[in-house]
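Take a look at the structure below.
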Amino acid sequence: MPSLRVPVSWLREYVDVRVPPSELAERLHMAGMEVDHVERTWSWENVWVGRVEELRKHPDADKLLLATVSYGEGRVTTVVTGAPNLATGAIVPYAEAGAMLFDPHAGRVKALEPRKMRGIVSAGMVLSELELGIGPDHEGIMLLDPAAPVGAPLRDVLGETVIQLEIAPNRPDALSLTGIAREAAAILATDFRAPPLEPLAHHLDPSLLTVRTEDDEACPRFTAAYLTGVRMGPSPQWMQQRLAAAGMRPISNVVDVTNYVMLEVGQPLHAYDAERLSGHLLAARLARPGETLRTLDGVERILRPSDLVIADEESVLGLAGIMGGEDSEIRETTTTIALEAASFEPRRTRRTAEAHGLSGSSGSAAARRFSLDLSPELPPVGLARAVHLLREVAGATLVGAVDVYPRPRQVPNVKLRFSDIGRVLGADIGRDEAGDALRRLGFAYAELGDQLVVTPPSIRTDIAIPEDIVEEVARIVGYDRIPTRQPTGVLPLHERHPLEVMRERVRDALVGSGLQETISYALVDEEWLSRLTPDGSPLAPEPLRVTNPTSAQQAILRPTLRASLLDTASRNMKTRRGLAIFEIDPIYLPRPGDLPEERWTIGIALAGLAEPVREGETWLTPERVFDVLDLEGIVDALHRATRSGRGTMERGAPGLHPGRSWRIVDDGRDAVVAGQLHPRVAEMWELPEATFVAEVDLALLLASGRPNAATAPPRYPSAWRDLAFVVDEAAAWLEIETDIRAVGVKGGLEDVALRDLYRGAQIPAGKKSFAVRLTFRSRSGTLSDADVERSVGKIEARLLHRFGATVRAS
Amino acid sequence: MTIALSDLADLAATAEREIAAAADEAALDALRVRYVGRREGEITKALKTLPSLPADQRPAFGAAANAARERIEAALERRGADLREAALARDIAGGAVDLTLPPRRVRVGRYHPISRTIREITRIFAGMGFEAIEGPEVEWDYYNFEALNIPPGHPARDKFSTLWVNAEGTMEVALAATGSGRTIVDAGRKQPMLLRTHTSPMQIRVMEQRRPPVRVVVPGRCYRFEATDATHESVFFQYEGLAIDEQLSMADLKGVLYSFARQLFGGERRVRFRPDYFPFTEPSAEIAFDCFVCEGSGTTDAGRCATCGGSGWIEAAGCGMVHPEALRRVGYDPAKVQGFAFGGGVERLAMLLTGTPDIRLFHQNDLRYLESL
Ligand SMILES: [Zn+2]
């Protein structure tokens, strides 16, 4: 947002501010002029509010006076002064020795020293505006408010306060001192004083200066003045002080005047050395092929055909509204100037400034303003003000002025009903009050019954629709006048979104499993993707890239959560020995010609020590590192909590330990990928070997879900048998369990629990022994021993047949 | 040896004495065997003499023997109960453990402060009839800017420093879509792709798909080209609200947001409503809460408060009445319906709720921070 520094003492030139600066800032802020901060400048050490107690003639000099000044706490001193405006009882600024003051003779700020004037020593000084550095006046001593407390530090009474404002881009009219003064006047219900303007008669001998606009859309208005007798030099101290307080560097009187007027009325201007204009011409036109320009910043620029330039008969003088060229720049020897004040189309100005790297806060101040919708009514105002000031500070004489404005812009009349104000605001604002607010803002309006026709001031280019008027009224009467109400009316039918409901259930389930949730950057380092597999081969599709990343670390939209999980784990494992984390976030999968798929994914990572939960606390639980069964347990809990199906496990997944990882593929897409990180990958991330990750596709989890189906507790007792059998090492538990269940279901097999897995001396090598507990139950009655034995027999036969299992005595 | 009738009472008395003195269950069992044992107990032995007694003495002797047995058994019972009681008391006395020792720990999971805050936000707005929905993070320029009255070259784009994506596509804009009951599809519009700079594009997407009344809240991730510091992140979360109906006003907007603030922070937090500017709302406003670090004073012991920049206020959301142009664009009739929209930063709220001093902590995922919450 464009910002503006408002020195309050400068603002007082256009409006009487009868409240302390801090309150002014607060009221501006609450009326929509955003205050970034308020700062105090000019500390004025050793300067006090004094009172002239006695005034005598200097015994040895006619023009000098001896003033006796008291400045509180019984302090009294006598100073020598030549000021003509002092009287007994006057309240004046008094500086003790050591005060830092502007010395008009030396032209700089110096520490005040006692000095002797015609034989009488002055310990201090009574001060003029100029010496204080707050105004141009050096004729007389600055007379303070008679009510100012004698003896108070001057800064408490007069210290300069600068209000730093952030101006909304729709309010270029407020991007100036007078703009803020108008606002302040409306807010404080007081009058606005316009700065003095030089009367401009718009006629000028074309042989001195001709102004032409070849594209009245790009340049709707072009005004210019021709001035002679200019004496170049530094601008007066007060102007330099104000520019500095407002954040601009003083350069020379002519440049300072253009900057001063830009800050004062909001219209940027440009001064040309008129004698260097070929053909005495200033033309606004589009750049021609091959044209170049060396701008004031010393950069040689190749112009684009869409760039609007200001040119004379022969060459380009500047980028219109952005930056002038070196050739036509005014210089110390300049005596005749052509002063330009024009309107430029904001979007073209913006594009040109951007194309030439002159946009933004470090670019051209004029371009920042011309990028906004500045009113075309401003150029003649800026011009007249600048001419007035050039006459005052550079001795310039106005020869004539021109105004090219072929198609004047209409100020809109906005029609609305008084009742619209209540309808939009929900507040009860009376007609008189609304009218008063509009009047204070300088809006003209006519009433026709309930109808209101409002004409905003021409500089208010932001006003176009009834709602704009409503906002203006609300700003001035205050937003605190809007009551708080709860909406009434029909409530829309609410829907629940299954994917989002599922996501929250998963979140709850994983937190319930003791995992810490993390949320990491969706933009990641592309280099990370090459560290997900031992050989660097890609794990995920080619990612979407950010064209203008803030850094290489945030250059791509992550196509997998795994890299983020490993990064989070890796950074944390530097300060701990174990962690269990999860993240639920989308991954971004490009689709040609369309927005990417944002696929919600659950990522889980376990690393290092699983137990004890609290590091080092081994008195109950010995240290144990995570293993793949921990990960399986968490994934299992996730399935249970979400009542989702498990699908068919396939062993192995890219980037993971081939023997300790699995994936579940659903409809050609990975529903679950999980397992121990490949040791080589773990090494690349400086993670322990015991690092486990899982990625679960949320949508597939949802799709495989089963509806809730409550089961009442069984009515008949269960019976159980323990069974132990020896199988080949290669036989997978899941297959065995599945088979047992398939055979046992008819006989009432309810559950199979693995009691033990044994390898060792008591069984042959290459074999393993499973011990299981089989639980039987019938829904229709109590099972007899014979029933159970029959079922166990069938299961044993099946295990023998399918797996060559030999039953051990249990 | 025979027992005389008169001896039975003495036997019982002796037994009672011995039983009362039994030191433990074993001693008690020995006494039980000795006196009332079925085979060799004194009472049994006495009863065995019964047949040898004269018939007329038998009933009296039998009764006396039974009485003696009852006395002895009662004594056994009493002493047994006492012994068990004493044993329990001893056990309990000896079973005290040091309860100050570290317990068997349970792994406690925690929510990330952002997701917890989003949950709070959606829960509170659900209570006010706002349905929670989500939208794409990678967005078309059209929805992020154009449809929100921010055409290319608009100065408001400066506020939204945009991260662009190296892809473009053809967007089908459902111009004046179902909201009006008619659909004009403007197919084949080449569109730049970007990372949404705010959640506001969902205002348009929702209105394109629904007819009034509308009340939705949209949480989600947003992106800006921005240098990060204690209060700024390039990747962050926002929540967007939209309500359209026949007669919603700024007063309703203020009511909803004040109610939200009250539910989130309690009644103590001060709230402020002031004019602001957004191209897609008119009138526009900003809602702010008093700063939780400096209690609204703007200064801390260290000088100017860094959290609120010295203003004493923390901006929580931008809001306003939906611009009539935006309504027309989706086929709503601004003469018949109006409504409000608001959008704010989730991190700001999370910082206020948790006292998190630096916004970067949210994405750093230092478990020492997350576990402190
Ligand atoms: Zn603060």
Between B/Arg119 and A/Asp508, is there a side-chain N and carboxylate O pair less than 4.0 Å apart?
yes
Taking the side chain as everything from C-beta on, heavy atoms only, tell me whether B/Phe362 gets closer than 4.5 Å to A/Ile519.
no
Exam field: side chain B/Lys254 to backbone A/Ile482, donor-acceptor pair closer than 3.5 Å:
yes
Does the side chain of A/Thr575 come within less than 4.5 Å of B/Arg368's, by heavy atoms?
yes
Any heavy-atom pair between the side chains of A/Ile465 and B/Pro324 that's under 4.5 Å?
yes
Return the option, out of B/Glu325, B/Met321, B/Met128, B/Met193, with the maximum number of heavy-atom pairs under 4.5 Å with chain A.
B/Met193
Go through the atoms of A/Thr518 and report whether side chain, backbone, both or neither lie under 4.5 Å from a heavy atom of chain B.
both
Using a 4.5 Å cut-off on heavy atoms from C-beta on, say whether the side chain of A/Glu611 contacts that of B/Arg107.
no
Best-contacting candidate, B/Phe130, B/Tyr258, B/Phe225, against chain A by heavy atom pairs under 4.5 angstrom
B/Phe225
Between the side chain of A/Thr547 and the main-chain N/O of B/Trp164, is any donor-acceptor distance below 3.5 Å?
yes
Spatial distance of atom CE (B/Met250) from atom CZ (A/Arg481) [nearest 0.5 Å]
13.5 Å
Under 3.5 Å, side chain of A/Glu467 to main-chain N/O of B/His323, donor-acceptor pair present?
no
Salt bridge between B/Arg274 and A/Asp480, side-chain N to carboxylate O under 4.0 Å?
no
Using every non-hydrogen atom in the two residues, find where A/Glu471 and B/Asp276 come nearest and quote the distance to one decimal.
OE2-O, 3.7 Å
Report the option among B/Ala227, B/Ala285, B/Pro136 that has the most heavy-atom pairs separated by less than 4.5 Å from atoms of chain A.
B/Pro136
Okay, A/Gln486 and chain B: the region with an atom under 4.5 Å from a heavy atom over there is both
Between B/Gln247, B/Glu246, B/Glu139, B/Arg116, which shows the greatest number of heavy-atom pairs under 4.5 Å with chain A?
B/Glu139
Under 4.5 Å from any heavy atom of chain B - which part of A/Ile556:
neither
Does B/Pro151 reach the side chain of A/Arg347, with side-chain heavy atoms less than 4.5 Å apart?
yes
Measuring only between side-chain heavy atoms, which start at C-beta, is B/Leu163 closer than 4.5 Å to A/Leu523?
yes
Using distance alone, with no hydrogens and no angle criterion, decide if B/His112 and A/Gln516 have a side-chain donor and acceptor under 3.5 Å apart.
no
So which atom in B/Pro155 and which in A/Arg350 form the shortest heavy-atom distance, rounded to 0.1 Å?
CA-NH2, 2.9 Å
Honestly, the part of A/Arg571 sitting under 4.5 Å from a heavy atom of chain B is side chain
Between the side chains of B/Ser249 and A/Arg485, does any donor sit under 3.5 Å from an acceptor?
yes
B/Asn166 side chain to A/Val546 backbone, donor-acceptor under 3.5 Å
no
Within a reach of under 6.0 Å around CZ of A/Arg417, are more than 12 heavy atoms found that belong to other residues, nucleotides or ligands?
no
Does any backbone or side-chain atom of A/Leu515 lie under 4.5 Å from a heavy atom of chain B? Answer side chain, backbone, both or neither.
backbone
Look at the side chain of B/Glu131 and the backbone N and O of A/Glu495, then say whether any donor-acceptor pair between them is shorter than 3.5 Å.
yes
Picking from B/Ala156, B/Gly320, B/Pro103, B/Ser115, which has the most non-hydrogen pairs under 4.5 angstrom with chain A?
B/Ser115
Between atom CD of A/Glu517 and atom CZ of B/Arg110, what is the distance when rounded to the nearest 0.5 Å?
12.5 Å
Which atoms of A/Arg576 are under 4.5 Å from chain B, going by heavy atoms: the side chain, the backbone, both sets, or neither?
side chain
Please determine if A/Glu617 and B/Arg104 form a salt bridge, counting it only when a charged side-chain N lies under 4.0 Å from a carboxylate O.
no
Backbone N/O of B/Pro102 and side chain of A/Trp619: donor-acceptor pair under 3.5 Å:
yes
Does any backbone or side-chain atom of A/Pro346 lie under 4.5 Å from a heavy atom of chain B? Answer side chain, backbone, both or neither.
neither
Any pair counted as ring-ring contact (aromatic ring centres under 6.0 Å, His included), so long as it reaches residues 467-496 of chain A, sequence neighbours left out
A/Tyr479-B/Phe273
Please determine whether side chain to side chain contact (heavy atoms under 4.5 Å, CB included) holds for the pair B/Glu134 and A/Arg503, giving the CA-CA distance in whole Å, both sets of side-chain angles, and the decisive distance to 0.1 Å.
CA-CA 13 Å; B/Glu134 289 175 6; A/Arg503 192 179 63 205; 2.6 Å; yes
Test side chain to side chain contact (heavy atoms under 4.5 Å, CB included) applied to B/Tyr223 and A/Leu557, step by step
CA-CA 11 Å; B/Tyr223 304 78; A/Leu557 278 157; 4.0 Å; yes
When only pairs under 4.5 Å are counted, which of B/Gly153, B/Gly169, B/Ala132 shares the most heavy-atom pairs with chain A?
B/Gly153
Please check: side-chain N/O of B/Asp366 versus main-chain N/O of A/Asn572, any donor-acceptor pairing under 3.5 Å?
no
State whether the side chain of A/Asn548 and the backbone N or O of B/Thr162 hold a donor-acceptor pair below 3.5 Å, judged by distance alone.
yes
Going by atom types alone, do B/Gln338 and A/Arg423 pair a side-chain donor with an acceptor below 3.5 Å?
yes
Run the numbers on A/Thr484 and B/Asp252 for side chain to side chain contact (heavy atoms under 4.5 Å, CB included), then give the verdict.
CA-CA 6 Å; A/Thr484 58; B/Asp252 299 303; over 6 Å; no
If one checks every heavy atom of A/Ala427 against chain B at 4.5 Å, the contacting part turns out to be neither
Can A/Gln554 and B/Val235 be said to form a side chain to side chain contact (heavy atoms under 4.5 Å, CB included), step by step?
CA-CA 10 Å; A/Gln554 296 194 5; B/Val235 183; 4.0 Å; yes
Any heavy-atom pair between the side chains of A/His37 and B/Ser311 that's under 4.5 Å?
no
Distance-only polar pair, side chains of B/Tyr277 and A/Glu166, donor-acceptor under 3.5 Å:
no
Does any non-hydrogen side-chain atom of B/Arg215 lie less than 4.5 Å from one of A/Pro487?
yes
